[in-house]
Structures are given as C-alpha cells and as structure tokens.
Asks: 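I'd like to ask you about the structure that follows.
Because the structure is predicted, anything quoted here is derived from the model rather than measured.
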Amino acid sequence: MNKIRTPFKLTALAALIGAAIAPGHLLAAALTAQPEGTERLSALLARQGWLPGLIEPEYRLSSLLVLAPKSADAIEQQMIRDRAVQALRTANRNNTALQQVLQRLGAMPVNGRLQLESTDANYLQARPEYDPVLNSAYTVVLPQGTNTVTVLSDLGTCVVPHQPVAAAQAYIEACLGQQSAWKGWLGVDTQVDWAWVANPNGRVERLAVNGWNEQPQGAPAPGSWLWAPSRQVAGEQRQHEAIASFLATQGEFVPPNSNDTTVKPMEQKALLPEFEVAEPKTLETSEPWYLSSSDWGVVGLLQTPTARMRPAGSYSATFSRTSPYSRYSFMLQPFDWMEAGFRYNNLTNRKFGVSATNPDQGFKDKNFDVKLRLLQENAYLPELSVGFRDVAGTGLFSGEYVVGSKRVGAVDFSLGIGWGSLGAGGGITNPFKVIGDSFERRPNANFGLGGTVDSNTFFKGPAALFGGAQVQLPWEDWVLKLEVEGNDYQSEPFGNNLEQSTNVNVGLLHRVNDYMDFTLGYERGTEVMVALSFHEKLDTFGTPKLSDAPSPKVNEAPPAGPVSWSAVLEELKLQTGWVATKVQGDDGELKLLIDEADAGYWQYTVDRATAVLHKHAPAEYAWFNYEYQANGQKISQHIVDRNLWVRQRTTLLPNAWRDMPATKQRERIKYPYKTLFDNPQSPWKTSVSAGYRQILGGPDGFILYQISALGNVSYELTENTVASGRVRAALLDNFDKFTYTAPSNLPRVRTFQREYATTSDFTIPNLQLTHYGKLGGEVFYTTYGGLLEDMFAGVGGEVLYRPMNSPVAFGVDVNSVRQRSFEQDFGLRDYQVNTGHATLYWDTGFEDILVKTSVGQYLAGDKGATMDLSRVFENGVKMGAFFTRTNVSAAQFGEGSFDKGVYVTLPFDAFFTQSVAGTANLVFNPLTRDGGAKLSRSVELYDFTQARDPRLLRYANPAAQ
C-alpha cells in the first residue's frame with residue numbers, strides 16, 4: 001500500500017488539464033485502465049480523467065467495473081453461480097428452454113467484479129472504507145453506455161430499448177408478449193410473477209411484476225438485466241437471487257451487432273445471439289399497495305377482517321368510535337404469519353357501576369385477538385387466514401372466522417365465513433355441520449370469570465358470509481373500503497341490540513403520513529364511524545446518533561509516541577460511556593477492564609471504543625481485549641483484531657475479508673498481563689431519574705397514572721458486595737380517583753395495589769445488600785436481603801448456569817419474604833411466604849424465538865409454571881407474551897382465571913439521538929390478581945450476564961450510521 005498519496009485536488013487538476021489537451025479519440029478509447037503499482041481507485045479515476053462532467057457522453061461512469069478474475073471474490077462468485085445453476089437444472093429437468101439459458105449463464109466468464117459504493121472519485125476520497133486499493137491483478141473498465149434492457153427468461157430472451165418511464169413489467173411484456181386486458185388485470189396470463197433486476201452498477205433488486213402482486217418500483221436503469229423465470233420454474237428465491245447477482249457482475253449488455261470491440265470483458269454477451277429487439281409498452285406509475293386496520297384493530301376493512309398481514313416487526317394502535325362502542329386496539333406482528341394483540345371495548349351505554357369516584361364510567365371489556373396465516377397468495381390462489389376474536393377475554397364479542405383475500409390490480413377482494421359475533425346474522429348453513437350436528441348450535445360461552453379459551457364454542461352455531469373490497473384510488477393517499485358484514489347486531493352483549501338498516505358498510509381512508517391513517521365511514525346504515533390508526537415497523541426503527549461525539553478518524557497507520565492512558569480513558573468514556581478501571585498489556589494484546597459495561601447496541605459501542613484505542617495505542621498491540629466486569633465478577637470479553645478492523649474501515653476489501661467479523665465474543669484466560677494504568681473508581685454511585693407507572697382499564701378510570709422522581713444510590717462495601725437503594729417522590733398523578741380494591745380469594749399479595757400506590761407520596765421501593773460470586777467460569781450466584789421491592793422484604797439468592805455464547809441457560813432462585821407496610825417505609829405486615837423458581841432459558845434459533853420457562857411457588861403460596869415466549873428483532877425490539885397456570889382454580893384466582901399478558905421491549909438507543917443503554921418495557925397485563933404473582937427482584941442474573949448472549953453483537957440501530 002502506498003504510504004505517500006498525492007493530494008486529491010492536485011490529481012484532479014492534472015486530470016482536468018490532461019482532458020483539455022488530449023485528443024478526443026484518445027479519451028474515447030480509454031475504456032480500460034491498469035493500476036500504476038498499488039493505488040486507490042479514486043486516484044486511478046482522477047489520473048484517467050474518469051470524473052463526472054469530464055468523460056465523453058457515450059460512456060457511463062455509474063457502470064464502472066473493477067475486475068479481478070483471479071481473486072477470492074471471483075472464486076466465490078463462480079461457486080455461488082454454479083451451485084444455483086446446478087440446483088435449478090436439477091429441479092427443472094424437463095424445462096428445455098431454461099436449461100439452454102442456464103447453460104449460457106454457466107459459460108459466462110467469472111470476472112471477480114467488486115461491488116462499489118460509488119464511482120465518484122471525490123466521494124471515494126472522503127470515504128476510504130469504500131475506496132479499494134488496486135494492484136496489477138485488477139482491471140478497471142469504463143463501459144460504453146447502452147440504451148437497452150436485457151430480459152432473460154425460460155419463456156424467451158431479448159434486448160428491449162430502454163424507456164425512462166417504463167417499469168419492469170413493460171420490458172417483460174415486450175419480450176414475452178402482451179397480455180389480454182382482463183387477464184393482465186387478473187395477473188394470470190403472463191407467467192412471470194417475480195423478476196430480479198441486475199442494475200449496471202452491480203446492485204440487485206427483487207420486483208413484483210404481475211397484476212396480483214405489483215408493488216411500487218423504480219424503472220430499471222439502461223444497461224440492466226432482468227432475470228424473469230416463469231412461475232413454472234421450480235427453485236428457491238436465493239437461487240434466483242444468485243443468478244441475478246452473477247448477472248450484475250457482467251456489467252451492461254453490449255448487443256452482438258455493436259461496432260464497439262474495445263470492451264473485452266463484455267464479449268461473452270455474444271453467447272446469446274438469439275436475442276431479439278422488442279419495444280416496451282410504457283406503463284403509468286403504479287400506486288403503492290396498502291395494508292390498513294379495521295375498526296377492531298386487525299388488518300381488515302371496517303367491521304370485517306381480511307387475510308392480510310403486516311410484515312413481521314410491525315405494530316398498530318387503532319382508536320375507533322361507532323356508537324355505542326369505542327374501541328382501543330393494540331396489535332403486534334411478531335411473525336409474518338401471525339397477528340395478535342389486545343383491545344379495550346368501551347360500552348358507553350353500559351356502566352361499570354362499582355367505583356366511588358367514577359360511577360358513570362362506561363363498561364370496559366378486555367379482549368385478546370389472534371390471526372394466523374394458512375396460505376400465502378399466489379397468481380391463482382388467495383391469501384388464506386384463520387382468526388379468533390375475543391379468544392381469551394370475557395367472550396362477550398367472541399367469534400371465529402376463515403377469510404381469503406385476492407388482489408386484482410388496485411383492488412383487494414376478501415371473502416370469509418364468520419361464526420359468533422362475526423356470523424350472528426346467519427344466512428348460510430354452518431359448513432362444519434358435515435362433521436357433526438354439534439356444530440349447528442353454538443353453546444353459551446362458558447367464560448365464567450373470563451380469561452380462558454373456550455374451544456367448545458369454536459366454529460359452532462350460525463354462520464354468515466362476509467367480505468368486501470379495498471380499492472386504491474388514483475390519488476396515492478386515499479383508499480376506499482366497501483364491505484358486507486355478517487353481524488345483524490341482534491345478539492349484542494347485555495341485550496345491547498342495535499338497529500341495522502343495511503349490512504353494507506363504506507369507508508374512506510386517508511393516509512395522513514407514513515405512520516398514521518384517518519378513516520371516516522358509514523356503518524349499519526345508521527351510524528358514522530371515525531377511526532385513527534398509528535402503525536410502525538418497530539424492527540427497522542432507529543435514530544441517527546446526531547448527539548454522539550464524533551468518532552475518531554481511523555487512520556491506516558498506528559500512532560507513534562508516548563501514550564497518556566488517563567487521557568485515553570477519558571476519551572473512551574466520552575465516546576462510549578464506559579469506565580475502564582485498569583489497562584493491561586501482554587504479547588501484542590491490550591486489555592481494558594470495563595466496570596459495569598452496558599450498551600444499547602454493543603457492536604456500535606465496541607467500534608467506537610476501538611477507534612479510540614487505535615488512535616492512541618502503540619503499533620505493538622494487534623489485539624484489543626475488552627473484559628467486562630460487574631461487582632467483581634468477570635462476565636464476558638470482546639476481542640478485536642485491530643489490523644482487520646482498521647482495514648475494513650480504510651479500504652474496500654474483497655468480500656471474504658469484508659464480511660469477516662473483526663470482533664469476537666469469547667472467554668480468554670491469559671496470564672500474566674502487565675498493568676499499564678490503574679483507574680480506581682469511587683465506591684459511591686448516585687443518579688436521579690424519572691419514573692412512570694399506570695393502570696389501564698379499571699373501573700376508576702380508563703387510565704390512572706403517576707409520574708415520580710427516583711433517587712438511586714449504591715455503595716461498594718467490597719468488590720463483591722454492594723448496598724443499594726432507591727427512593728420515590730410522587731410528582732404528578734390522578735391516583736385520587738383510585739378507590740376500587742378488587743376482591744380476592746387468595747392471600748392479598750398484589751391486589752392491595754391501590755393501598756400501596758396511594759398511602760404515601762414518598763416511598764422506599766428498594767433498599768438491599770447484595771453479594772455476587774462465581775462457582776467456576778460458567779456458574780454465577782448472588783445472595784441478597786432487605787426491602788426487595790414495593791410490597792415485599794426478605795432474603796434470597798439465585799444461582800445461574802450460563803456458558804459463554806450458549807443458547808441455553810438454567811437458574812434457580814429461592815426467597816423468604818414478608819409483606820411490607822402500605823407506607824413502603826421500614827414497616828412490615830404479618831403475611832410471610834417462601835417463594836422461588838427453577839427457570840430454563842432457551843434461544844431456540846427458530847424465528848429468533850426465546851423461550852423462558854419457570855416452575856415453582858408464587859407469592860400467594862400457589863404452585864405452578866410460567867411460560868414466556870418472545871421474539872427479538874435485529875434492532876433489539878422484543879415482542880412477547882406470557883401466561884401462568886398454578887394449582888388454584890379459576891374461581892379462586894378471580895376475574896381473568898389465570899395470569900397472562902403481552903409486552904413490547906424497546907431499546908432506548910433506537911429512539912434517542914444519543915447512544916443510551918436500557919430498555920422501556922410496555923406490558924399489557926389485563927388484570928392485577930394474586931395468583932401467579934412473582935417477586936420483583938432488582939437483580940436477575942440472566943440480565944446481569946447479558947454480555948454472554950450469543951446474539952449480542954448482531955443487534956444494531958438501522959439509522960446509527
């Protein structure tokens with residue numbers, strides 16, 4: 001690598017002068033170039049005069065190719081192509097046309113093209129991580145631009161003149177034949193549903209190209225390839241992506257009759273001499289297809305659901321009003337095939353009637369819903385889903401449905417069969433009657449106290465058809481909804497039957513912005529409906545870190561000269577928030593002991609720390625070791641390959657090196673280390689924060705809340721023993737309305753919630769002494785005693801077995817506790833209990849699902865198990881659900897029958913412009929009851945050992961860069 005680099009402005013100036021005096025034919029002929037020794041691509045581009053505004057118009061700088069036919073990238077490209085070609089050949093032995101196309105693809109040369117972020121020398125000079133270092137093994141080609149799009153398909157291949165306004169469908173139709181109008185609308189004539197465009201800049205995109213699945217898409221660039229296999233071609237999506245990716249290495253197609261013979265790497269295109277020229281049909285820009293919420297919050301029309309699902313990671317909150325019902329729905333999409341959530345139905349003409357402060361509050365009914373996709377839509381078959389409304393609530397609005405949805409151009413049709421509240425109007429014979437006469441009559445829902453799943457009613461009783469259409473109007477932000485519902489409103493809860501002059505409903509949805517919809521409708525022929533829906537893809541949510549200190553510039557060469565470790569650690573704290581208590585070195589390795597390390601996104605934080613160390617650490621250190629410790633216990637280590645890390649940030653490497661992780665999570669025991677710097681910390685730690693708690697859906701008010709100030713303090717008595725505490729001062733609340741105490745048939749371990757919340761404005765939620773230790777390298781333990789939580793004090797301990805990077809962990813906690821006084825000071829009540837659980841944690845590896853199963857005794861003395869299932873997405877957002885079943889009956893438990901809930905965990909780092917650790921936990925637990933109640937321990941070892949999580953470095957803020 002060159003150590004001396006010509007200043008770019010001077011290089012560019014020389015190129016400008018050279019371009020001004022060079023004969024035009026020489027400039028036009030400069031289609032290939034070799035590096036002079038070892039040089040950056042940006043320097044070569046400047047030397048050749050291949051700069052924006054300087055090249056002749058017939059050459060296309062955006063399609064520049066950097067080729068290395070004998071590189072590791074070339075070997076990788078050939079292996080991926082050959083595997084895909086062989087797999088498609090084997091799966092499509094009888095498709096002669098496809099075999100011929102694949103044979104020609106297999107004969108194209110492998111050129112090792114580098115995928116470039118940019119071909120602008122100015123940009124590359126400013127971003128060296130995208131500026132490859134070239135040598136004699138590389139050839140740089142500036143292709144002559146073509147004005148065609150090349151279609152490859154088993155149905156036909158041809159070269160189509162490029163039209164700026166034509167979408168991919170137009171080129172496919174031009175090559176394969178135009179559809180009849182009605183078949184084109186249905187999307188069943190042309191046999192191509194999906195195509196992959198290989199742009200001349202090397203990027204690949206998958207496109208939906210038929211009437212039933214068309215989505216908004218940009219027009220293919222001139223010089224693009226379109227890989228368009230018919231729906232008869234058997235194969236996996238990744239194989240088609242591999243074919244398109246290989247085509248993207250070939251650059252622009254040069255027709256065989258071209259007079260240009262200077263672009264040697266392009267000559268293989270002559271292997272396709274049967275290509276014919278076809279004229280594309282210009283298409284109007286397609287409107288985006290849109291998924292929206294029904295009045296009930298699930299994806300649907302108005303009163304009826306459809307089979308559609310939002311992408312995994314989505315959430316929606318919908319507030320709708322159709323007299324006499326107000327509905328507040330919160331839906332999560334943990335998987336592409338599952339939509340689930342909860343809802344409050346507010347019956348404004350029926351009263352709770354049990355609150356002293358709010359006797360006229362409308363009756364609140366709590367629902368759980370779930371919808372499961374059975375079949376994905378294709379050209380001939382609809383999307384098919386089955387759903388359950390109010391499946392685990394009181395059952396007042398319970399119903400089941402099977403619904404299909406089929407898209408035809410801008411219209412999405414749906415047709416379904418409903419039972420229960422969705423089929424109360426009847427009109428058809430229950431199709432399940434063929435199984436048995438028991439399906440003819442729907443039993444009275446035996447929900448009793450609510451909260452149970454009464455499968456005895458599923459798909460029984462009167463059935464009705466429902467359906468409708470969602471129409472994307474010519475104006476992008478407007479959607480028309482029409483439906484026929486199956487409810488006649490003559491079987492409503494509490495005899496609340498309603499007038500219905502027609503079962504046809506109509507609504508108009510306006511897309512206010514990317515995350516909010518407003519719908520106005522007319523339902524039952526008598527009532528106006530209004531709805532506001534908020535929706536977001538939480539799994540892709542992130543915030544640019546505009547408030548973070550700029551990360552140090554990464555230079556290729558390590559620094560020279562003495563190091564001030566105190567200054568280094570100050571800069572480390574500024575960049576990461578981490579406190580290093582010791583700096584050690586040994587045999588090429590520099591180790592930092594990080595005290596109580598935490599991060600929103602660990603890889604991002606490790607990279608910032610490494611930028612600081614590389615800026616200051618002498619060249620002798622090839623490895624950086626971050627050892628994370630807390631309360632005297634070594635938790636985990638991240639070890640960074642300094643040289644690889646630097647190269648990945650100072651040059652565009654071949655794929656094999658570019659994708660290799662420079663940071664690895666492991667446990668390394670290496671002694672002795674030489675101490676280079678000690679940075680002891682004060683044993684005192686203090687902080688002030690804000691607190692918020694709420695109670696939803698109770699008879700005293702839909703929402704009761706409290707905002708408080710929290711003071712936190714801890715003192716390290718020894719390296720392993722800590723005294724810690726918290727005080728709370730209420731600042732703002734409406735707990736004066738909180739007068740209702742729920743009845744209970746069990747020891748009141750949680751239903752004194754009102755008394756604990758309202759007795760005192762100044763409380764001590766926690767004050768305890770905690771000791772930490774390890775039994776070997778993989779077993780952690782802790783013992784503790786004091787005021788353990790708001791309602792209980794006592795002593796306890798936990799042991800956790802958690803191997804490094806293991807998907808499985810196992811822990812046991814045992815506690816002896818006594819109930820605290822309502823004032824939450826140092827007073828105690830008479831109730832005492834032993835409680836504890838054995839807990840298995842299992843990261844299944846399937847759909848990113850984490851299973852947490854606990855078995856033991858709960859605070860009310862009941863014995864049973866808690867199951868917690870959650871999915872964690874790549875940005876750290878978690879969606880989950882839990883339920884607890886114990887040996888108490890539903891009657892003993894009370895309303896709700898058993899403890900359950902859903903939750904979302906949001907990393908703070910995704911929502912703030914400055915990096916910050918911690919999470920916000922939003923839990924919907926419909927009722928607070930005494931059964932299945934766990935002790936809320938301030939320290940749980942699974943969280944304490946988070947840095948051992950095998951997925952820790954995968955989580956990233958999509959917008960952090």
Asks: Distance alone, cut at 3.5 Å: any donor-acceptor contact between the side chains of Gln125 and Ser42?
Replies: yes
Asks: Does Tyr692, at its OH atom, have more than 12 non-hydrogen atoms belonging to other residues, nucleotides or ligands within less than 6.0 Å?
Replies: yes
Asks: Between Lys545 and Asp909, is a salt bridge (charged side-chain N to carboxylate O under 4.0 Å, His left out) present by the stated rule, with each step listed?
Replies: CA-CA 9 Å; Lys545 298 303 167 190; Asp909 209 325; 2.5 Å; yes
Asks: Is Glu39 reaching over with its side chain to a backbone N or O of Glu36, donor-acceptor style, under 3.5 angstrom?
Replies: yes
Asks: Is the shortest side-chain N to carboxylate O distance from Asp586 to Lys674 below 4.0 Å?
Replies: no
Asks: With rounding to the nearest 0.5 angstrom, report the CG to CG distance, Leu41 to Asp131.
Replies: 5.5 Å
Asks: Just by distance, with hydrogens left out, do Ser547 and Thr913 show a side-chain donor and acceptor under 3.5 Å apart?
Replies: yes
Asks: Between Arg642 (side chain) and His614 (backbone), is there a donor-acceptor pair under 3.5 Å?
Replies: yes
Asks: Taking Tyr628 for the side chain and Thr945 for the main chain, is one N or O donor matched with an acceptor at less than 3.5 Å?
Replies: no
Asks: Regarding Thr581 and Gln681, is there a side-chain donor-to-acceptor distance under 3.5 Å anywhere?
Replies: no
Asks: Apply side-chain contact (heavy atoms from CB on, under 4.5 Å) to residues Gln115 and Leu652 and explain how you reach the verdict.
Replies: CA-CA 9 Å; Gln115 178 68 59; Leu652 182 69; over 6 Å; no
Asks: Evaluate the criterion side-chain contact (heavy atoms from CB on, under 4.5 Å) for residue pair Leu51 and Leu61; output intermediate values, then yes/no.
Replies: CA-CA 8 Å; Leu51 302 171; Leu61 183 59; 5.8 Å; no
Asks: Is the shortest side-chain N to carboxylate O distance from Arg802 to Glu778 below 4.0 Å?
Replies: no
Asks: Of Asn679, Thr675, Asp678, which is the lone residue that meets side-chain hydrogen bond (donor to acceptor under 3.5 Å, both in side chains) with Lys582?
Replies: Asp678
Asks: Would you find a donor on one side and an acceptor on the other, under 3.5 Å apart, between the side chain of Glu798 and the backbone of Leu941?
Replies: yes
Asks: Distance check, rounded to the nearest 0.5 Å: Ile635 atom CD1 versus Lys774 atom NZ?
Replies: 6.5 Å
Asks: What verdict does the side chain to side chain donor-acceptor pair (under 3.5 Å) test give for Tyr784 and Asp813, after you've listed the backbone C-alpha separation in whole Å, the side-chain angles of each residue and the deciding distance to 0.1 Å?
Replies: CA-CA 11 Å; Tyr784 44 83; Asp813 68 278; 5.0 Å; no
Asks: In terms of heavy-atom contacts, does CG of Asp514 have more than 12 from other residues, nucleotides or ligands at under 6.0 Å?
Replies: no
Asks: Roughly how far apart are Thr576 OG1 and Trp602 CH2, rounded to 0.5 Å?
Replies: 10.0 Å
Asks: Evaluate the criterion ring pair (Phe, Tyr, Trp, His ring centres under 6.0 Å) for residue pair Tyr801 and Phe780; output intermediate values, then yes/no.
Replies: CA-CA 6 Å; Tyr801 170 68; Phe780 298 80; 9.8 Å; no
Asks: Going by an N to O cut-off under 4.0 Å, is there a salt bridge joining Arg40 and Glu556?
Replies: yes
Asks: Hey, could you give me the CD/CG distance between Glu536 and Leu538, rounded to the nearest 0.5 Å?
Replies: 6.5 Å
Asks: Do Asn875 side-chain atoms and Phe541 backbone N/O form a donor-acceptor pair below 3.5 Å?
Replies: yes
Asks: Count the heavy atoms belonging to other residues, nucleotides or ligands that lie under 6.0 Å from NZ of Lys70, then report whether that count exceeds 12.
Replies: no
Asks: Ignoring hydrogens and angles, tell me if any N or O in the side chain of Gln575 forms a donor-acceptor pair with the backbone of Asp548 under 3.5 Å.
Replies: no
Asks: Which pairs, with at least one residue in residues 559-574 and sequence neighbours excluded, count as a salt bridge (Lys or Arg N to Asp or Glu O under 4.0 Å)?
Replies: Glu571-Lys615
Asks: Taking Thr543 for the side chain and Ala910 for the main chain, is one N or O donor matched with an acceptor at less than 3.5 Å?
Replies: yes
Asks: Can we say Glu789 and Arg937 salt-bridge, meaning some charged N sits less than 4.0 Å from an Asp/Glu carboxylate O?
Replies: no
Asks: Which residue in the set Tyr621, Phe624, Trp623 passes side chain to side chain contact (heavy atoms under 4.5 Å, CB included) when paired with Glu589?
Replies: Trp623
Asks: Determine whether Phe944 and Tyr772 satisfy the following criterion, ring pair (Phe, Tyr, Trp, His ring centres under 6.0 Å), listing intermediate values before the conclusion.
Replies: CA-CA 10 Å; Phe944 179 76; Tyr772 300 84; 5.0 Å; yes
Asks: Sequence neighbours left out, what passes side-chain contact (heavy atoms from CB on, under 4.5 Å) with Thr844? Give chain and number order.
Replies: Trp842, Phe846, Ile849, Val851
Asks: Are side-chain heavy atoms of Leu116 and Asn201 found at a separation under 4.5 Å?
Replies: no
Asks: For residues Asn625 and Glu627, is any side-chain donor paired with an opposing acceptor at under 3.5 Å?
Replies: no
Asks: Does the ring center of Phe873 lie less than 6.0 Å from the ring center of Tyr955?
Replies: no
Asks: Would you sort out whether Arg954 and Glu874 count as a salt bridge (charged side-chain N to carboxylate O under 4.0 Å, His left out), showing the intermediate values?
Replies: CA-CA 7 Å; Arg954 283 175 42 187; Glu874 293 294 323; 2.6 Å; yes
Asks: So which pairs with a foot in residues 680-692 pass salt bridge (Lys or Arg N to Asp or Glu O under 4.0 Å), sequence neighbours left out?
Replies: Asp595-Lys685, Lys685-Glu716
Asks: Search all heavy atoms of Val808 against all heavy atoms of Pro803 and return the closest pair with its distance.
Replies: O-CD, 3.8 Å
Asks: Look at the side chain of Thr919 and the backbone N and O of Asn921, then say whether any donor-acceptor pair between them is shorter than 3.5 Å.
Replies: no
Asks: Can Asp607 and Gln603 be counted as having a side-chain donor-acceptor contact under 3.5 angstrom?
Replies: yes
Asks: Measuring from atom OG1 of Thr650 to atom CG of Asn555, what distance do you get when rounded to the nearest 0.5 angstrom?
Replies: 9.0 Å
Asks: Do the charged groups of Asp848 and Arg951 touch, with an N to O distance under 4.0 Å?
Replies: yes
Asks: Distance alone, cut at 3.5 Å: any donor-acceptor contact between the side chains of Asn712 and Arg726?
Replies: yes
Asks: Is it true that a side-chain atom of Ser636 and a backbone atom of Ala947 form a donor plus acceptor pair closer than 3.5 Å?
Replies: yes
Asks: If you round to the nearest 0.5 Å, how far is CG of Asn805 from CG of Asp949?
Replies: 8.5 Å
Asks: Checking Thr38 against Asn135: is there a side-chain donor and acceptor pair closer than 3.5 Å?
Replies: no
Asks: For Glu205 and Asn199, does a side-chain donor sit closer than 3.5 Å to a side-chain acceptor?
Replies: no
Asks: Could you check whether Ser71 and Tyr138, counting side-chain N and O atoms only, form a donor-acceptor pair closer than 3.5 Å?
Replies: no
Asks: Go through the steps to decide whether His771 and Thr721 satisfy the test side chain to side chain donor-acceptor pair (under 3.5 Å), and finish with yes or no.
Replies: CA-CA 4 Å; His771 177 76; Thr721 306; 2.9 Å; yes
Asks: Distance alone, cut at 3.5 Å: any donor-acceptor contact between the side chains of Tyr673 and Asp587?
Replies: no
Asks: Would the distance check show the side chain of Trp578 and the main-chain N or O of Thr605 forming a donor-acceptor pair, the cut-off being under 3.5 Å?
Replies: no
